[in-house]
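To start, the structure under review is shown below, and the notes come after it.
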Amino acid sequence: MQRAFPLLAASVLLLAAAATLPVASGHNITKILAQHPEFSTFNHYLSVTHLANEINRRLTITVLAVDNSGMADLLAKHLSILTLHNVLSLHILTDYYGAKKLHQLTGGATISSSVFQSSGHAPGTTGYINITDHRRGKVTFITEDAGGAAPAVFVKSVKEIPYNISILQISTILTSPEAEAPVAAPAPVNLTEAMGRKGCKAFADMLLARRDVLQTFQDNLDTGLTVFCPDDDAVAAFAPKYKNLTAEGKASLLLYHAVPVYYSPQLLKTNAAAMSTLATSGHSKNFHYSVRTDGDSITLKTHIVTSTITSTVVDQDPDAIYAVDKVLEPRELFKVPEVVKADAPAPAPAAPAPKKAKHAHGAKHASPPTPAGPDEAPADADEEASDNAASSVGAAGRWLTTAAAATVAAAVISVL
């Protein structure tokens, strides 16, 4: 029984540690680099090339950052944005390398895949990065097809979140003839033509009937646009409601079907926040909806309907168009159905108020909170997003707590 007490004590310590264990959360490369002005140019072009989104959605990543002077050398080559995308994607490794790991490479060297290599645009072994740990702590990085170019040298660790993201500064830009080769610009996206070919002709006609709204869509094509176009059957079923809307209401409804950000299918699956649309006014929280995933199924949830993405019409960074099976109805334009209200969970009964000394003239009860109005964010969208994020990042902590509790229970039984 005496031998059981050390096990019991250790288990209690494990349980206490697991209960307070910090849980890893998602990273945001833009916010991290914003704290380091010497990387402002590098940070800017990660956003312009949409590589920031690529970095943020990955769970294990290493970013080889170059300071402003190093970026000036790259920009002096006057490469197109598409080519800059390829060059900078060489600086994103699909594995985790902290400063300590760099000096513990098996055999003193390793080869790591970059996002450029995994993109499918890099032929052969192009896009692989050779990492070598030299004597006296020197570590170098060089591409497989660098030719006679000098390797970049590890300077310092900028930020490390172990096994999640590591940001390392290197001395110069990594060079690669394949990555720096000119990239032909894709043909501009013709929104209405693409929709018409893929089962969304009725929605395309609605846009063509409102040239002012269509122009707003087109104004966002260069910077990023994601459109959810209802298929022809969905538009036909919705037609009576659409006819009853005012001209302003029709414009808001159409704008509600587009988001001024590029979302690839993968980015949609990892999105956990309410999405602002072209109909959203400035920084207000109106005309939002949330994205939900179940396996390969992606749904858009408003307070009125839940619409499912049925196909990808266009996925051409920075633009995407997805067909959906229902018209998205915002609560700002339509009444929330009674069935939705009935299905909502009843509020928990309020705890009894503590007794207070009576005042000479009595006390008034506080007024109930004002119901959410049209300009407020959908509460269920924000709460569900928060719950999803919490459940995802808290899994490890809960497992440790459960395991520790089981160990404690076993120890207690053995003592008794």
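In this chain, residues are counted from 1 in sequence order. What you see below is based on every heavy atom in this structure, not just the backbone, and it leaves out hydrogens, waters and symmetry mates.
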Taking the side chain as C-beta and beyond, is there a heavy-atom pair between His50 and Pro318 under 4.5 Å? yes
Any cation-pi pair here, Lys138 with Phe154, using under 6.0 Å and within 45°? no
Assess the residue pair Thr277 and His288 against the criterion (side-chain hydrogen bond (donor to acceptor under 3.5 Å, both in side chains)); give the C-alpha distance rounded to whole Å, side-chain angles, the decisive distance to 0.1 Å, and a yes or no. CA-CA 6 Å; Thr277 68; His288 282 56; over 6 Å; no
Run the salt-bridge test on Lys269 and Asp296 with the 4.0 Å N-O cut-off and return the result as yes or no. yes
With a 3.5 Å cut-off and no angle check, do the side chains of Asn164 and His27 form a donor-acceptor pair? yes
Is there a side-chain contact between Gln316 and Val189, using heavy atoms and a 4.5 Å cut-off? yes
His85 ring center near Tyr45 ring center (under 6.0 Å): no
Walk me through whether Asp133 and Thr110 qualify under side-chain contact (heavy atoms from CB on, under 4.5 Å). CA-CA 9 Å; Asp133 180 20; Thr110 190; over 6 Å; no
Out of curiosity, Ile61 CD1 to Glu54 CD, how far, rounded to the nearest 0.5 Å? 7.0 Å
Please determine if Lys101 and Asp95 form a salt bridge, counting it only when a charged side-chain N lies under 4.0 Å from a carboxylate O. yes
Kindly say whether Ala202 contributes a backbone atom to a donor-acceptor pair with the side chain of Asp232 at under 3.5 angstrom? yes
Do the side chain of Thr306 and the main chain of Thr302 share a donor and acceptor less than 3.5 angstrom apart? no
Candidate list Phe228, Tyr322, Phe203, test ring pair (Phe, Tyr, Trp, His ring centres under 6.0 Å), partner His257, passing option: Phe203
Does any part of the side chain of Pro265, heavy atoms only, come nearer than 4.5 Å to the side chain of Asp315, both counted from C-beta? yes
Working note: Val305 + Val327, criterion side-chain contact (heavy atoms from CB on, under 4.5 Å); need CA distance, chi angles, decisive distance, verdict. CA-CA 8 Å; Val305 299; Val327 172; over 6 Å; no
Are more than 12 heavy atoms, taken from residues, nucleotides or ligands other than Lys250, located less than 6.0 Å from that residue's NZ atom? yes
What is the distance from atom OG1 of Thr62 to atom CD1 of Ile167, rounded to the nearest 0.5 Å? 9.5 Å
State, with a plain yes or no, whether a side-chain heavy atom of Leu46 is found less than 4.5 Å away from one of Ile55. yes
For the pair Tyr96 and Tyr163, name the ring-plane relationship: parallel under 30°, tilted 30 to 60°, perpendicular over 60°. tilted
Taking side chain as C-beta onward, heavy atoms only, is Ile29 less than 4.5 Å from Leu33? yes
Ser252 side-chain N/O to Glu248 backbone N/O, donor-acceptor pair under 3.5 Å: yes
Begin with the C-alpha distance, continue with both residues' side-chain angles, and end with the deciding distance and a verdict on side-chain contact (heavy atoms from CB on, under 4.5 Å) for Phe42 and Leu64. CA-CA 10 Å; Phe42 182 78; Leu64 305 177; over 6 Å; no
Judged by atom type as modelled, is there a donor-acceptor pair below 3.5 Å linking the side chain of Ser166 to the main-chain atoms of Tyr97? yes
Straight-line distance of Lys326 NZ to Thr308 OG1, nearest 0.5 Å: 7.5 Å
Hey, are the side chains of Asp219 and Gln215 touching, using non-hydrogen atoms and a 4.5 Å cut-off? yes
With a 4.5 Å cut-off on side-chain heavy atoms, are Tyr263 and Val261 touching? yes
Any chance CG of Leu59 has more than 12 other-residue heavy atoms, nucleotides or ligands included, within less than 6.0 Å? no
Counting distance only, does the side-chain N/O of Asn43 pair as donor-acceptor with the main-chain N or O of Thr30 below 3.5 Å? yes
Kindly say whether Ser113 contributes a backbone atom to a donor-acceptor pair with the side chain of Thr94 at under 3.5 angstrom? yes
Do Asn68 and Thr41 get their side chains close enough for a donor-acceptor pair, meaning under 3.5 Å? yes
Distance, nearest 0.5 Å, that separates CG of Leu84 from NE2 of His78: 11.5 Å
Would you compute the distance between atom CG of Asp73 and atom OG1 of Thr172 and round it to the nearest 0.5 angstrom? 8.5 Å
Measure the shortest side-chain to side-chain distance between Val227 and Met195 over non-hydrogen atoms and say whether it is less than 4.5 angstrom. yes
At what distance, to the nearest 0.5 angstrom, does CG of Leu225 lie from OH of Tyr262? 12.0 Å
Does any donor atom in the side chain of Glu144 or Asn130 lie under 3.5 Å from an acceptor atom in the other side chain? yes
Residues Arg210, Leu254; criterion side-chain contact (heavy atoms from CB on, under 4.5 Å); working and verdict: CA-CA 9 Å; Arg210 288 298 303 262; Leu254 295 174; 4.1 Å; yes
Short side-chain to backbone donor-acceptor contact, Asn286 and Thr280, under 3.5 Å: no
Are Ser114 and Gln117 close enough that a side-chain donor and a side-chain acceptor fall under 3.5 Å? no
Whether Lys241 and Glu329 form a salt bridge (side-chain N of Lys/Arg under 4.0 Å from carboxylate O of Asp/Glu) is what I want to check. yes
Donor-acceptor pair, side chain of Glu178 and main chain of Pro123, under 3.5 angstrom: no
